[in-house]
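Since this is a predicted model, take the numbers as computed values, not measurements.
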Amino acid sequence: MKKRRIVAGVAALGLALSLAACSAGGGRSATGDGGSGSTDNKGALVGVAMPTKVSERWIKDGNAVKSDLEKKGYKVDLEYADNKIPQQVQQVSNMITKGAKVLIVASIDGGSLSDQLDAAAKAGIKVISYDRLLTGSKNVDYYVSFDNEKVGVDQANSLLTGLGLLDADGNKTDKKGPFNIEVFAGSPDDNNATFFFNGAMKTLKPYIEDGTIKIGSGQDGFTQAATQQWDPATAKARMQNLIAKSYSGGTTLNGVLSPYDGMSIGIISALQGAGYGTSSRPLPTITGQDAEAASVKSIINDQQYSTIYKDTRKLATESVTMADDLLTGKKPEVNDTKSYDNKVKVVPTYLFQPTVVTKDNYKKVLVDSGYYKESDLK
């Protein structure tokens, strides 16, 4: 995809001149963090770029960020890109042209916005990478996310628990297997997908090496398991192919490592189409992520085994706190300065911890916390 470097550059130049003429809007704050003074940024515009409305979590994220920013008195340009990279490129370019002073970006493809990030930097606009790390640019100021490798570790451990190889406290049981599993990975253009997959495979590796677990298809690499744009239909089609090639002779599939709830729904559909989900042939242990309502219902109904809950309200709050700090001349708080290398720099990060959700604890974790009402899960 060709990037519109000239157009973005011209827009950025115009904005930079405008900011320079107004005040210290593009200059560094007294803290040395590059934020503008609070008197300059009262009611400033913040651009919020989200990838899609297909996943319910991104709708929740976008609405939460917008609401929190508006409560602090900022104007908000919230855009969804329908999982189309050119659309998100144009949306971010427009935010720069409109005069946004901070960008909060959950990218479709972490490396596709380099020109826009260059233009933002020239205009003195700070950039917060939201949950998906923006890569290949020095102009990413902060990152807010969950501990993504820990997400993968938790997914693998919940798979092992569902198979009976670990007990509820995470201790090894006396079960020996072998158990047949298949592994899925997220979208290769999402930096988080490799963290999830690597964390999970590192956890499963000893069980694979000693024969307790066997990947029936032999497809154990990220490239083989990757699912473009986390698409449920793509996951369903791959699961159908795996069943046809590796499990049509009567071999039973015992577990599926799925990194995302939407994909899990597609995987379950393929399995049910192949005769799984009956008393004589139960569904495998299937993992997920994002605690989407449809998958929580699936967990309650004994279809999906687990999901990873990431309270995105915390992400929204933290990204807004970061934006507010930058706009009022403060230095945002971070708790990780080593883990997230975007191929050009290590991006200062604030990380939250994920939580495994199963049928046993969904009420306590999701309902009692107010994330869902009980009626949402009927």
Side-chain angles (χ1 to χ4, degrees), residues 48-69 76 78-84 88 91 104-110 128-134 143-148 150-152 154-155 158 184-187 189-193 195-196 227-235 258-268 286-300 304 306-320 350-358 362 365-367 369-373 376-377:
V48 181
M50 293 284 156
T52 180
K53 284 188 174 181
V54 171
S55 170
E56 77 174 48
R57 73 144 294 188
W58 293 116
I59 299 172
K60 283 177 174 269
D61 285 60
N63 289 339
V65 172
K66 184 176 187 291
S67 176
D68 286 355
L69 283 167
V76 182
L78 170 62
E79 301 289 348
Y80 291 87
D82 301 325
N83 268 334
K84 297 174 182 175
Q88 188 166 66
Q91 287 171 343
I104 299 174
V105 181
S107 63
I108 299 168
D109 178 340
I128 298 168
S129 186
Y130 187 97
D131 203 33
R132 294 178 172 181
L133 184 62
L134 291 160
Y143 179 40
V144 58
S145 188
F146 283 82
D147 187 335
N148 295 313
K150 180 67 161 46
V151 169
D154 286 350
Q155 287 175 334
S158 70
F184 284 71
S187 190
D189 53 16
D190 183 344
N191 190 69
N192 288 355
F195 279 95
F196 301 149
T227 308
Q228 189 68 40
Q229 295 190 347
W230 306 85
D231 181 50
T234 302
S258 170
Y260 162 56
D261 285 346
M263 290 171 55
S264 305
I265 295 296
I267 290 165
I268 290 169
I286 302 168
T287 64
Q289 180 180 186
D290 283 346
E292 293 189 347
S295 281
V296 178
K297 293 176 186 178
S298 182
I299 289 169
I300 295 168
Q304 187 170 320
S306 66
T307 187
I308 301 298
Y309 169 55
K310 303 188 302 185
D311 190 344
T312 55
R313 295 171 298 184
K314 294 180 180 179
L315 284 188
T317 298
E318 187 59 34
S319 68
V320 170
Y350 196 99
L351 290 180
F352 293 97
Q353 294 302 312
T355 303
V356 177
V357 171
T358 65
Y362 83 91
V365 176
L366 300 177
V367 178
S369 70
Y371 192 76
Y372 286 122
K373 297 177 182 178
D376 295 331
L377 306 176

Looking at Pro232 and Gly262, what are the two nearest heavy atoms and their distance? CB-O, 3.3 Å
Between the main-chain N or O of Pro259 and the side-chain N or O of Gln155, is there a donor-acceptor pair closer than 3.5 Å? yes
Working to the nearest 0.5 Å, report the span between NZ of Lys373 and CG of Leu366. 15.0 Å
Between Tyr130 and Trp58, is any pair of side-chain heavy atoms under 4.5 Å apart? yes
Please find the pair of heavy atoms, one from Val365 and one from Val357, that lie closest to each other, and give the distance. CG1-CG2, 3.9 Å
Is the shortest heavy-atom distance from the side chain of Thr355 to the side chain of Ile308 under 4.5 Å? no
Under the ring-ring contact (aromatic ring centres under 6.0 Å, His included) test, which residues partner Phe184, sequence neighbours left out? none
Shortest non-hydrogen contact from Ile265 toward Ser298: CD1-CB, 4.5 Å
Test of understanding: with ring-ring contact (aromatic ring centres under 6.0 Å, His included), list the residues that count as partners of Tyr309, not counting sequence neighbours. Tyr371
Separation of Ile128 CD1 from Tyr350 OH (nearest 0.5 Å): 14.0 Å
Working note: Trp230 + Ser55, criterion side-chain contact (heavy atoms from CB on, under 4.5 Å); need CA distance, chi angles, decisive distance, verdict. CA-CA 10 Å; Trp230 306 85; Ser55 170; over 6 Å; no
Where the side chain of Asp82 meets the backbone of Lys84, is there a donor-acceptor pair that is under 3.5 Å apart? no
Quick check against the 3.5 Å criterion: does Asp68 have a side-chain atom that pairs as donor or acceptor with the backbone of Val320? no
Test log, rule side-chain contact (heavy atoms from CB on, under 4.5 Å), inputs Ile59 and Met50: CA-CA 8 Å; Ile59 299 172; Met50 293 284 156; over 6 Å; no
Answer yes or no: is there a donor N or O on one side and an acceptor on the other, between the side chain of Thr317 and the main chain of Lys314, under 3.5 Å? no
With sequence neighbours left out, what residues match Leu377 under side-chain contact (heavy atoms from CB on, under 4.5 Å)? Ala293, Val296, Ile300, Tyr362, Val367, Tyr372
Within the distance-only criterion (no hydrogens, no angle test), does the side chain of Asp261 pair as donor or acceptor with the backbone N or O of Gln289 below 3.5 angstrom? yes
Under the side-chain contact (heavy atoms from CB on, under 4.5 Å) rule, what do Ile104 and Leu69 come out as? Steps first, then yes or no, please. CA-CA 11 Å; Ile104 299 174; Leu69 283 167; 4.3 Å; yes
Checking Asp131 now: which residues fulfil salt bridge (Lys or Arg N to Asp or Glu O under 4.0 Å) with it, not counting sequence neighbours? Arg57, Lys310
Any heavy-atom pair between the side chains of Lys66 and Val48 that's under 4.5 Å? no
Spell out, as yes or no, whether a donor-acceptor pair under 3.5 Å connects the side chain of Ser129 to the backbone of Tyr143. no
Does some side-chain heavy atom of Pro51 sit less than 4.5 Å from a side-chain heavy atom of Arg132? yes
Distance check, rounded to the nearest 0.5 Å: Gln304 atom CD versus Ile286 atom CD1? 7.0 Å
Quick check: does any side chain N or O of Gln91 sit under 3.5 Å from a backbone N or O of Tyr80, one acting as donor and the other as acceptor? yes
Exactly one candidate in Thr52, Thr234, Asn83, Asp109 meets side chain to side chain contact (heavy atoms under 4.5 Å, CB included) with Gln229; the answer is Asn83
To the nearest 0.5 angstrom, please state how far the CG atom of Asn63 sits from the OG atom of Ser67. 8.5 Å
Please round to the nearest 0.5 Å and tell me the distance separating atom CG of Leu133 and atom OG of Ser145. 8.5 Å
Given side chains that start at C-beta, do those of Leu134 and Ser107 come closer than 4.5 Å, heavy atoms only? yes
Quick check: does any side chain N or O of Thr287 sit under 3.5 Å from a backbone N or O of Ser258, one acting as donor and the other as acceptor? yes
Please check if the side chain of Glu318 supplies one atom and the backbone of Val144 the other of a donor-acceptor pair under 3.5 Å. no
For a 4.5 angstrom cut-off between non-hydrogen side-chain atoms, does Ser187 reach Thr227? no
Salt bridge (Lys or Arg N to Asp or Glu O under 4.0 Å) filter on Asp311, not counting sequence neighbours, yields Arg313
Pairing residues for Lys150 by the salt bridge (Lys or Arg N to Asp or Glu O under 4.0 Å) criterion, not counting sequence neighbours: Asp154
